[in-house]
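The chains referred to below are lettered A, B, ... by the order of the sequence lines, with proteins before strands, and numbering in each begins at 1.
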Amino acid sequence: MTFRLLIESARKLVESSLAAAGYPSVAFEVSEPPRKEFGDLTCNVAFQLGKHAKKPPAKIATELVEVIRPMLLADHHIKSVEPHPAGHINFFADHRSLSKITLGQVLENPGHYGSHDSGHGRHVVIEHTSVNPNKALHVGHVRNVVLGDTLYRMMKATNHRVTVLNYVDDSGLQVADIVVAFKYAGFPVDGPAGKKFDLYVGDDVYVKINEKYEKDPELAEKRKAVLREIEEGKSDIAHFAADVTLRVLQEQLRTCWRMKARYDLLNFESQIVTSRLWIKAFEILKKSKMVRLETEGKNIGCWVIEAKEEEDKILVRSDGTATYIAKDIPYAAWKLGIVEDPFSYKEFTKQWDGSVLYRTAPDGDRLQEGFNGGELVITIIDSRQGRLQRIISQVLAQIGTREGNHQYHHLGYEAVTISSETAKTLGIDIGERQFMHMSGRKGIYVNADYVMDTLHAKAFEEVRTRNPDLQDSRLHEIAEEIAISALRYNMIKQDLDKSITFDIKESLSLEGDTGPYLQYAYARSQRILEKSGEQITSGRFELLAHDSEVSVIKEISKLDLVMEDAVKSLSPKSLARYAYSLATAFNLFYEKVPVLKEENAEVRMARLGLVKAFGITLENSLKILGLTALERM
RNA sequence: GGGCUCGUAGCUCAGCAUGGACAGAGCGAACGCCUCCUAAGCGUUAGGUCGAGGGUUCGAAUCCCUCCGGGCCCGCCA
């Protein structure tokens, strides 16, 4: 919290110095300098003024500093200010006051530190996961789940009302595929004992039936009839399809829950179809003149929509059926609350965090306050869908304008591919290429549970050697938390527009810039507190003046700024990087400065306060990232 | 062909929105540090024409243009 105050102080000082020195008011920036000799903050105002004033920046900086110096007497946060020969104005914070205020704030309200009210209760709808219910999750899906869930946690922590949706395409061709396999190709409905059902369906049914299609075109033909029955929803085939879909979905959810994700609503495509949502949306589109019936050209007889700088997109085929995008537009409109909510809902299950997961259902209840109507709607799908999503955004921006400030946002991210080494372990040689794309249909992918299991096994061995006194059951609990944190952090730490080349061996690293590194720093801090036997609520924090103490405190004081920025730019990565630098600062302090061995009682207590405040700050950050802060590991 | 996107150390990546001071991490390599709060840690060394070229600017990894290289998307499929 206090870093923000520091920046504001510097801004004000510069602002008033401009007027006092007779300079015009210009835009300038106060930021952190690249090295600590340059102080805690730096300002570029002299460069900005230099452009117009025809004076060297260094001279302006010196002038302004002369004006600012006397003002410092009245400022609690900044101790001194220096002009740099290059032209920067550098501010040095009063570290004693920074320590005192920052640690005081954290310890006063531990659970709340880092929460921030930038949301003002605004309703945000987030859709993520949305894996077709005919296979198990692979590491590509994991990126989606972790990204979505972290975003949910960030929004939640900044006072947004968040609804998390998971779209279930229960009436698509992929579902028809597995029904054909079970009903017409003799695949047993129950897989081998002990194998997760989603994994069985994905590997042993979906992949194999697709291989069979190549040799048996008649079998492939059966899909169309099955698909029609599924869409109509009445026949035995349709019921069978619904049962199988549900079984797969249950298993997929178990994987997601294992990663600490949670949802509010499962939105079934079949319900969108039967709700006739499309008809309503189509009326709106027709009224707004955004669609037209083609009377000539290659799209004759189709309803098309004009997209900016794109070819026209077909919404309704010449045979009267709706296309894929024609399902997505009304669904997006529903999310924004532009169309009336046609769904009925019922409880699906209780989740690991105690919350209820609902589903759309034909025999459910109508709701007063729905899951839809977000002022901000975020749809998380990989960037291959970017083109289509852009059209959807454009359409909704046009029909949505009269509805206020509701905004549809596609959050895209690059795909996860597998490294050549990892491909080899799957029995695939990709030759010269460095990576390859995954394919559920071909069975080329790395399974999410497999990664977690492998991580778990490795972590288990590590924890056991370090904690021989703990029971196996406890060791497994810890190992699982480490595995999840390694995976989640790995998926979130890099930029969304960078593809991840997944390598199983590399992903097993528990050292360096990883989730376990963060947990380790936390565990270290907790052991100090535990061994001290003290309950720390206050202290003479102004005694903390060691470099490594100050840098931990500075990191602590930045959490709210980081959160605000991360939420504004929908960038979970920023928070991950922050947690890492916070942990690094603490590890440095841990090496350099003794706490329990310190003989001066007041200094010892102050340091314990620092350790505690660090623990709180890191724990709160980890919680938002979906990583568990471990007392021991 | 058109559109989107990436290119920074051997490898994986921060930094780029809002240009500013000798370009930062992790892994890997070599060498150190546990009679001291968990060595999943910390340190030292080696490693960079920030893809190339041009432009704008007092100043460019960052902005603009061109080019090169990788990836993705462009169906009356979903």
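Aromatic stacking of A:H88 on B:A21: satisfied, with centres closer than 5.5 Å and planes within an angle under 30 degrees. The aromatic ring of A:F38 is stacked on the base of B:A21, with the two ring centres less than 5.5 Å apart and the planes inclined by under 30°.
Separating the CD atom of A:E511 from the C1' atom of B:U38 is a distance of 14 Å, rounded to the nearest angstrom. Atom P of nucleotide B:G41 and atom OH of A:Y517 are separated by 7 Å, given to the nearest angstrom. Between the P atom of B:G41 and the CG atom of A:L518 lies a distance of 11 Å, rounded to the nearest Å. Rounded to whole Å, atom P of B:C16 lies 10 Å from atom CD of A:E29. Rounding to whole angstrom units, CD of residue A:E32 and C1' of B:G15 are separated by 13 Å. Taking atom CG on A:D495 and atom C1' on B:A25, their separation rounds to 16 Å, with Å as the unit. Summarising the geometry, the separation between CG on A:N490 and C1' on B:C11 is reported as 14 Å, rounded to the nearest angstrom. When the P atom of B:U12 is taken as reference, atom NZ of A:K505 falls 15 Å away, rounded to whole Å.
Using a 4.0 Å cut-off, no side-chain N or O of A:K458 falls inside it from OP1 or OP2 of B:A40. Between A:R577 and B:A25, a side-chain N or O to OP1/OP2 separation shorter than 4.0 Å is absent. Listed pair A:K573 / B:G15 meets the phosphate criterion, a side-chain N or O lying under 4.0 Å from OP1 or OP2.
Rounded to whole Å, the C1' atom of B:G19 lies 36 Å from the corresponding atom of B:A29. Comparing B:C50 with B:U45, their C1' atoms are spaced 23 Å from each other, to the whole Å. B:U12 and B:C4: their P atoms are spaced 26 Å apart (whole Å). When the P atom is used for both B:U49 and B:A9, the distance is 8 Å, rounded to whole Å. When the P atom is compared between B:G48 and B:C42, the two are found 25 Å apart, to the nearest whole Å. Nucleotides B:G26 and B:G75 place their C1' atoms 44 Å apart, quoted to the nearest Å. When the P atom is compared between B:G1 and B:U66, the two are found 15 Å apart, to the nearest whole Å. B:C13 and B:G47 are spaced 16 Å apart, taking the C1' atom of each and rounding to whole Å.
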Does the pair A:L518 and A:Y580 meet the rule for a side-chain contact (heavy atoms from CB on, under 4.5 Å), with working shown?
CA-CA 6 Å; A:L518 306 179; A:Y580 180 68; 4.2 Å; yes

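A:V304 comes within 4.0 angstrom of no nucleic acid atom, judged by non-hydrogen atoms across all strands. Among the heavy atoms of the strands lying under 4.0 Å from A:E37 is at least one base atom, whether or not backbone atoms are also near. At a threshold of 4.0 angstrom between heavy atoms, the contacts of A:P33 include nucleobase atoms, whether or not backbone atoms are also involved. A:Y580 comes within 4.0 angstrom of the backbone, heavy atoms only, and of no base. When heavy atoms are screened at a 4.0 angstrom cut-off, A:A86 is found touching no nucleic acid atom at all. A:I482 comes within 4.0 angstrom of a base, heavy atoms only.
When Watson-Crick and G-U wobble pairs are counted only if both distances are under 3.5 Å, B:C4 pairs with B:G71. Remark: B:A25 base-pairs with B:U12; criterion is Watson-Crick or G-U wobble with both hydrogen-bond distances under 3.5 Å. Across all strands shown, B:G19 has no partner, as no Watson-Crick or G-U wobble contact with both distances under 3.5 Å is found. Base pairing of B:U62 is not made with any nucleotide, judged by Watson-Crick or G-U wobble geometry with both donor-acceptor distances under 3.5 Å. Partner assigned to B:G43 is B:C31, using Watson-Crick or G-U wobble distances below 3.5 angstrom.
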Could you run down nucleotides 70-78 of chain B 5' to 3' and tag each one B, S or - for protein heavy-atom contact under 4.0 Å?
-SSBS-BSB

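A donor N or O paired with an acceptor N or O is not found under 3.5 Å between the base of B:A40 and the side-chain atoms of A:T514. Below the 3.5 angstrom threshold, one finds a donor paired with an acceptor across the side chain of A:N90 and the base of B:A21.
Taking 90° from 0 as the syn/anti boundary, the base of B:C73 is oriented anti.
Comparing B:A40, B:G41, B:C37 by their nearest atom to the side chain of A:V463 picks out B:A40. The side chain of A:Y590 lies closest to B:A39, out of B:C11, B:A39, B:U8.
Not one N or O on the side chain of A:T245 forms a donor-acceptor pair closer than 3.5 Å with the backbone of A:P133. A donor-acceptor contact shorter than 3.5 Å links the side chain of A:K458 to the backbone of A:L508. The backbone N or O of A:E29 sits less than 3.5 Å from a side-chain atom of A:N44, completing a donor-acceptor pair. A:N144 contributes a side-chain N or O that, together with a main-chain N or O of A:I380, makes up a donor-acceptor pair within less than 3.5 Å. Remark: side-chain polar atoms of A:D177 are not paired, donor with acceptor, to backbone N or O of A:R223 under 3.5 angstrom. Of the possible donor and acceptor atoms, one in the side chain of A:R577 sits under 3.5 Å from a partner among the backbone N and O of A:K493.
The existence of a salt bridge linking A:E462 and A:R466 is confirmed by a sub-4.0 Å separation between a basic side-chain nitrogen and an acidic carboxylate oxygen.
Atom CG of A:L293 is separated from atom CG of A:N299 by 11.0 Å, given to the nearest 0.5 angstrom.
Ring pair A:F435/A:H437 is perpendicular by interplanar angle, where above 60° counts as perpendicular and below 30° as parallel.
Mapping A:S569 and A:T501 onto RNA chain B by nearest heavy atom places A:T501 closer to the 5' end of the strand. Nearest-nucleotide positions on RNA chain B place A:A459 closer to the 5' end than the other of A:A459 and A:L588.
Side chains of A:M563 and A:L575 form a contact here, defined as non-hydrogen atoms less than 4.5 Å apart.
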